[in-house]
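Bear in mind the structure is a predicted one, so any value in this text is a computation, not a measurement.
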Amino acid sequence: MRASSQLAISCQNLRKQFVLRHTRSMKEAVVWLLKGRRGDLSKKFMALTDVSFEVNQGETVALLGLNGSGKSTLLKLISGVLQPDSGSVLTRGRVAGLIEVGAGFHHDLSGRDNVYLNGAILGMSEKQIDDMFDSIVEFSEIGEFIDTEVKFYSSGMYLRLAFSIAVHTDPEVFLIDEILAVGDEPFQRKCIAKIKELSANGKTLLVVSHDLDLVSTVCERGVLLEHGNVIMDGDVHDVVTELRRRSRDAA
């Protein structure tokens, strides 16, 4: 679905619950069977509870919070990887998500084939990929391995190629989840420079990262999540300060 012309992302009353199934002990399994399989030994986890926020076109926003706060789940709902139990997600324009390193890669295909596969998944035509191919490979810095099956790639090589493909799709909305934590420092700096370039060109960025110095540099606004709820939304420096305070208190 699409949002209004001024909004890039609109999340309204999002709820998402997961069922955590645990391996039963022999005793639990016997009791469960004797009871005629009545009852449920699984546990339920509410990842998001009534989350609402909006992102305007061209904003750079950091989703922040301690582990288990719901950041990655929220990003996956916005990307369409997951569907909410209730509520709505609206986006405007092409959305490119770097949610998991190499998530869209086919391990038995070469890097070259995966460029075309991922490019198509992200909405590029074959001609667009043809035109961008050399630039994608050059940015990724894995030219000599482009015809190697990606199952032999390191996580850093996955990152380079996945990031390069995504930024070359020219998305209106760019979603990043901890992916900048992978790879060597020179390539991280290169990615950050590219992200700043996207921002300067009016692209919308939504970033999840535990690197608070990084998000303070890249993002202007912060949204702080705690136990699946938005508890703060404002200037990224203020939100980072509050998160650091909460981290110290939780230690």
Could you check if a side-chain atom of Ser140 sits within less than 4.5 angstrom of a side-chain atom of Leu161, using non-hydrogen atoms only? yes
For residues Ser164 and Ile136, report the shortest heavy-atom separation together with the two atoms involved. OG-O, 2.7 Å
Determine whether Ile165 and Phe105 satisfy the following criterion, side chain to side chain contact (heavy atoms under 4.5 Å, CB included), listing intermediate values before the conclusion. CA-CA 11 Å; Ile165 295 168; Phe105 283 16; 4.2 Å; yes
N/O donor-acceptor pairs under 3.5 Å from side chains in residues 121-128, not counting sequence neighbours:
| residue | atom | partner | partner atom | Å |
| --- | --- | --- | --- | --- |
| Ser125 | OG | Gln128 | N | 3.1 |
| Ser125 | OG | Gln128 | OE1 | 3.4 |
| Lys127 | NZ | Asp131 | OD2 | 2.9 |
| Gln128 | OE1 | Ser125 | N | 2.8 |

Counting C-beta onward and ignoring hydrogens, is there a side-chain heavy-atom pair between Ile195 and Phe163 closer than 4.5 Å? yes
For the pair His227 and Ser69, evaluate side chain to side chain donor-acceptor pair (under 3.5 Å) and give the outcome as yes or no after the intermediate values. CA-CA 5 Å; His227 303 308; Ser69 61; over 6 Å; no
Which of Val51, Thr73, Leu77 passes side-chain contact (heavy atoms from CB on, under 4.5 Å) with Pro84? Answer is Leu77
How would you list, by chain and number, every residue that makes a side chain to side chain donor-acceptor pair (under 3.5 Å) with Asp113, sequence neighbours excluded? Ser110
Salt bridge (charged side-chain N to carboxylate O under 4.0 Å, His left out) partners of Lys151, counting only residues at least two apart: Asp108, Glu149
At their closest point, which heavy atom of Ala166 faces which heavy atom of Ala96, and how far apart are they? O-CB, 4.2 Å
If the condition is side chain to side chain donor-acceptor pair (under 3.5 Å), which residues does Glu59 pass it with, not counting sequence neighbours? Arg221
Please determine whether side chain to side chain contact (heavy atoms under 4.5 Å, CB included) holds for the pair Leu206 and Phe174, giving the CA-CA distance in whole Å, both sets of side-chain angles, and the decisive distance to 0.1 Å. CA-CA 6 Å; Leu206 196 58; Phe174 200 47; over 6 Å; no
Minimal heavy-atom distance between Ala62 and Val236, with the atoms involved, is CB-CG2, 4.3 Å
With a 3.5 Å distance limit and no angle check, can you tell me whether Arg92 reaches the backbone of Gln6 through a side-chain donor-acceptor pair? no
For the CZ atom of Phe133 and the CD atom of Glu138, what is their distance to the nearest 0.5 Å? 12.0 Å
Heavy atoms only: give me the nearest Ser52-Val230 pair and the separation to one decimal. O-CG2, 4.5 Å
Could you measure the distance from the CG atom of Leu243 to the CD atom of Glu226? Nearest 0.5 Å is fine. 9.5 Å
So do Asp235 and Glu220 actually touch side chain to side chain, heavy atoms under 4.5 Å? no
May I ask you to say whether Arg244 pairs ionically with Asp213, meaning some side-chain N is under 4.0 Å from a carboxylate O? yes
Under the side chain to side chain donor-acceptor pair (under 3.5 Å) test, residues paired with Tyr116 that sit two or more places apart: Asp130
For the pair Asp177 and Lys76, evaluate salt bridge (charged side-chain N to carboxylate O under 4.0 Å, His left out) and give the outcome as yes or no after the intermediate values. CA-CA 9 Å; Asp177 186 2; Lys76 288 178 180 178; 5.9 Å; no
Search all heavy atoms of Phe53 against all heavy atoms of Leu74 and return the closest pair with its distance. CE2-CD2, 3.5 Å
Test Glu54 against Cys11 for side chain to side chain contact (heavy atoms under 4.5 Å, CB included), laying out the working first. CA-CA 6 Å; Glu54 295 176 340; Cys11 298; over 6 Å; no
Using side-chain heavy atoms (C-beta onward) and a distance below 4.5 Å, is His237 in contact with Ser216? yes
CD1-CG distance between Ile231 and Leu224, expressed to the nearest 0.5 angstrom: 4.0 Å
Between Arg160 and Phe139, is NZ or CZ placed under 6.0 angstrom from the six-membered ring centre and within 45° of the ring axis? no
For Asp50, the side-chain contact (heavy atoms from CB on, under 4.5 Å) test, sequence neighbours excluded, returns Asn13
dist Glu172:CD -> Thr91:OG1 (nearest 0.5 Å) comes out at 10.0 Å
Heavy atoms of Gly68 and Phe45 approach each other most closely as O-CZ, 4.0 Å
side-chain contact (heavy atoms from CB on, under 4.5 Å) partners for Glu197, two or more places apart: Lys194, Asn201
How many angstroms lie between atom OG of Ser10 and atom CG of Leu90, to the nearest 0.5 angstrom? 5.0 Å
Contacts of type salt bridge (charged side-chain N to carboxylate O under 4.0 Å, His left out), residue Glu242, not counting sequence neighbours: Arg245, Arg246
Examine Leu82 and Met46 and state if one hydrophobic cluster contains both, with Ile, Leu, Val, Met, Phe, Trp and Tyr joined whenever side-chain heavy atoms are less than 4.5 Å apart. no
Could you grab the distance from atom CG of Leu198 to atom NZ of Lys196, nearest 0.5 Å is fine? 12.5 Å
Test item: Asp238 and Met232 side chains (from C-beta on) under 4.5 Å apart, heavy atoms: yes
Do Lys190 and Glu141 touch side chain to side chain, with heavy atoms closer than 4.5 Å? yes
For the backbone of Leu109 and the side chain of Asn114, can you confirm whether one donor and one acceptor N or O come within less than 3.5 Å of each other? yes
With sequence neighbours excluded, residues passing side chain to side chain donor-acceptor pair (under 3.5 Å) with Asn67: His210
Side chain of Lys71, backbone of Leu64: donor and acceptor closer than 3.5 Å? no
Test of understanding: with side-chain contact (heavy atoms from CB on, under 4.5 Å), list the residues that count as partners of Ser199, not counting sequence neighbours. Thr60, Leu205
Side chain to side chain, Ile78 and Val173, heavy atoms closer than 4.5 Å: no
Taking only residues two or more places apart in sequence or in another chain, which ones pass side-chain contact (heavy atoms from CB on, under 4.5 Å) with Ser86? Arg15
Taking only residues two or more places apart in sequence or in another chain, which ones pass salt bridge (charged side-chain N to carboxylate O under 4.0 Å, His left out) with Asp85? Lys16
Please say yes or no: joined through hydrophobic side-chain contacts below 4.5 Å, possibly via intermediate residues, are Phe152 and Ile142 part of one cluster? no
Output, in order, the C-alpha distance, side-chain angles, deciding distance and verdict of side chain to side chain contact (heavy atoms under 4.5 Å, CB included) for Val61 and Val207. CA-CA 6 Å; Val61 181; Val207 180; over 6 Å; no
is_close_aromatic(Tyr153, Phe145), centroid dist under 6.0 Å: no
Given side chains that start at C-beta, do those of Val208 and Leu175 come closer than 4.5 Å, heavy atoms only? no
